[in-house]
There are 2 protein chains.
Amino acid sequence: MAVTIREVARRAGVSISTVSRALSGQQRVRAENLRKVQQIVNQIEFCPSAVAKSLVSRTANAICLVLPKPTAKWVSNPFFMELIRGIVARANRSNYDIIISSGASEQEELKEVSRLFRGGRVDGAILLSSRKEDAVIDFMKMNGYPFVLIGRSDKYDGIWSVDTDNRAAAGGAVNHLVTMGHKRIGFVSGPSNLVVSVDRMEGYKRALRENGLTWHPEWVFEGELLLNSGYRSLSYFMNQPDRPTALVVYDDLVALGVIRALNKLEIKVPDDLALVSFNNIPLAELSIPPISSIDIGIYHLGDTAAQVFIQNMQHANSEFGGPKRLIIPHELIVRESSMIPIHIF
Amino acid sequence: MAVTIREVARRAGVSISTVSRALSGQQRVRAENLRKVQQIVNQIEFCPSAVAKSLVSRTANAICLVLPKPTAKWVSNPFFMELIRGIVARANRSNYDIIISSGASEQEELKEVSRLFRGGRVDGAILLSSRKEDAVIDFMKMNGYPFVLIGRSDKYDGIWSVDTDNRAAAGGAVNHLVTMGHKRIGFVSGPSNLVVSVDRMEGYKRALRENGLTWHPEWVFEGELLLNSGYRSLSYFMNQPDRPTALVVYDDLVALGVIRALNKLEIKVPDDLALVSFNNIPLAELSIPPISSIDIGIYHLGDTAAQVFIQNMQHANSEFGGPKRLIIPHELIVRESSMIPIHIF
DNA sequence: CTGTTAGCGCTTTCAG
DNA sequence: CTGAAAGCGCTAACAG
């Protein structure tokens, strides 16, 4: 901030333009001048004003992250921090800044994002999750702002996205449980307006079908509900003679809650009920018992999203293949919660 | 971005300066012109370029958050996300942007932060945690960049900081355990280079003294160690006749790990050993058993840090009282993990 | 109260 | 290859 390009030019005894050219590295500068400029730059630790650069280049070299509404404890899910870490690490390495934005209501959220874009502070956004009806996605689309979605959009096609194959992952969980001898497998879902939650549920249903198993609506629980007031319903179903012997849970944190609820009902995991969940946050391993979980490579997901965005920015006009959807591989980590094979028929 | 102040001026039939004055709200503009300008602004959704503003005002209206090195799973502690939420919410409300920065090594970290400051992208920083020897703090101090520290610095005095009274909090935990009849109370500490870890340990020791209890070095465990390879040592001490009957643990996540380790050793919480930990992240409640934890108001901590920074910025030259240290109140939330009073003498 | 004029620090023409 | 000049969008200082 303190030292400008003008000062460098003065000291090096060349014009500002020459310094600019020397710094850009793209343009021809006489070797002697180049050397002189580089020396001064190092000496006085010159660092060009990102702000001035932005003004003239009309790009911000910054990406906005929209935090899901801080409604729930949901955001404090380590999932997001891991995602953010992946994004920030990659972005910084490419000299992009990450700006975090949030808002108390959906409207405030949009206002905030709008301010960032219209003010020229960001070039685009990475959306950390997608709802079925997502005002932020609509907003981006409508204004033609570039963005990468982590997840999937039901509504729009041609958008850049990075995602897990959640259906396949859920299928993998079911298959694993089937292998362990389970035939009555339930599902604990997340908020039904989250695409990820729906996808996982669909994968679960499909896998049941493919395994020739029947699907009972009573075996599907709403996770949020479960944790707040659903003890009774859980208790009821778990006391039926044909209760599920295994559960696929859409998120580790929810799985933790489920285990606690089951614990109160004196249902033991995995002895009485097996459990597989999603995301494989560090906590899955610390749980009692440790939870089998599908590692979806959260950091990698974030890293890739940032890469996609940045590449896309740099090749914006070169028709760089058009919108694409990338899938990050997942892997089931088997732990105690699903390790006891059973044979109840 | 698309529409400039020039356009507004043209449409309103006034000069650019008038529009600028009308927008600033600080200066006198004829009512008629004011109205006209406001109308146009709303109509074409004019939003002044934050970048241009930055260039001329030499302020960025942005704060940098330095993520602790992504070494450990530590960062994925919900603690940080909660802190960030608090900061972002407050900052955005005051039209400040939050830029997240990180680096693989301490050196990269500094380079990243330096780039942000020198490039004029940020006005200052909020440091999310402090090590005993903290290069980032040194760097800020040395360059005179404004910052607020969440935590405490051993090394420097006159710096703005927002903190928990960790000694008192730890004392509270000890007192609570004493009330429940415990006399042999151990401590599980965090990395010894973290100020917060040290403070909590000191509070623990002091409280023991004040309660007339003796402090045994063997009753103090290094948390990190414990989780990785310390089962054996834990096992050893827990089998001594005079083993602790209660533990104060410096962080919820570590407490979770401890519970799991104890579980393997068939030591039951709270029946055989009581537990109190710090931070009260949502998980503390989901644990089996639910963990007594000291709620330090993480969100509030973040919110306050942002407030302090912003106020300080705005009154920078008016000698706004000089550096200060704010303490956010804490509260012990008692749960099952410490609920069974014991009387072993 | 208003318009004109000069920049903020940098990139980018356009002549040399 | 180089320097001078124009301008990115806005604010601030100066005459009216």
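All chains are named by letter (A, B, ...) in the order of the sequence lines, taking the proteins before the strands, and each is independently numbered beginning at 1. All heavy atoms count here, side chains included; hydrogens, waters and symmetry mates do not.
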Output the rounded distance in Å from [atom1] ([X]) to [atom2] ([N]).
X        : N       : atom1 : atom2 : result
Leu55(A) : dA6(D)  : CG    : P     : 18 Å
Glu7(B)  : dG9(D)  : CD    : C1'   : 13 Å
Asn61(A) : dT11(C) : CG    : C1'   : 14 Å
Arg30(A) : dG16(C) : CZ    : P     : 20 Å
Arg10(A) : dG3(D)  : CZ    : C1'   : 18 Å
Leu23(A) : dC10(C) : CG    : P     : 9 Å
Arg21(B) : dA13(D) : CZ    : C1'   : 10 Å
Leu34(B) : dT2(C)  : CG    : C1'   : 14 Å

Do Asp138(B) and Lys155(B) meet the salt-bridge criterion of a basic N to acidic O distance under 4.0 Å?
-> yes

Salt bridge between Glu108(A) and Lys111(A), side-chain N to carboxylate O under 4.0 Å?
->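 The answer is no: the pair does not qualify as a salt bridge.
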
Comparing Ala31(A) and Ser17(A) on DNA chain D - which has the more 5′ nearest nucleotide |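 Between the two, 5'-proximity favours Ala31(A).
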
Under-4.0 Å side-chain N/O to phosphate OP1/OP2 contact, [X] with [N]:
X        : N      : value
Thr18(A) : dG3(D) : yes
Asn33(A) : dT2(D) : yes
Ser15(A) : dG3(D) : yes

Nearest nucleotide by nearest heavy atom, which residue falls closer to the 5' end of DNA chain C, Ile5(A) or Ile16(B)?
->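 On the 5' side of the pair lies Ile16(B).
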
For Val14(B) and for Ser57(A), find the nucleotide of DNA chain C with the closest heavy atom, then tell me which residue's nucleotide is more 5'.
-> Val14(B)

Using a distance-only test with no angle check, is there a side-chain donor-acceptor pair under 3.5 angstrom linking Gln307(B) and Asp303(B)?
->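 Yes, side-chain donor-acceptor contact under 3.5 Å.
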
Distance-only donor-acceptor test, Arg58(A) side-chain atoms vs dG9(D) base atoms, 3.5 Å = no

Taking the side chain as C-beta and beyond, is there a heavy-atom pair between Asp97(A) and Ser101(B) under 4.5 Å?
-> no

Relative to each other, are the rings of Phe309(A) and Tyr96(A) parallel, tilted or perpendicular (30° and 60° limits)?
->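 Ring orientation of Phe309(A) relative to Tyr96(A): perpendicular.
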
Mind checking if [X] touches a base, just sugar-phosphate, or nothing, with heavy atoms under 4.0 Å?
X        : value
Val51(B) : nothing
Ser20(A) : base
Val56(B) : base

Which of the following nucleotides, dC10(C), dC10(D), dC8(D), is nearest to the side chain of Thr4(B)?
->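 The answer is dC10(D).
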
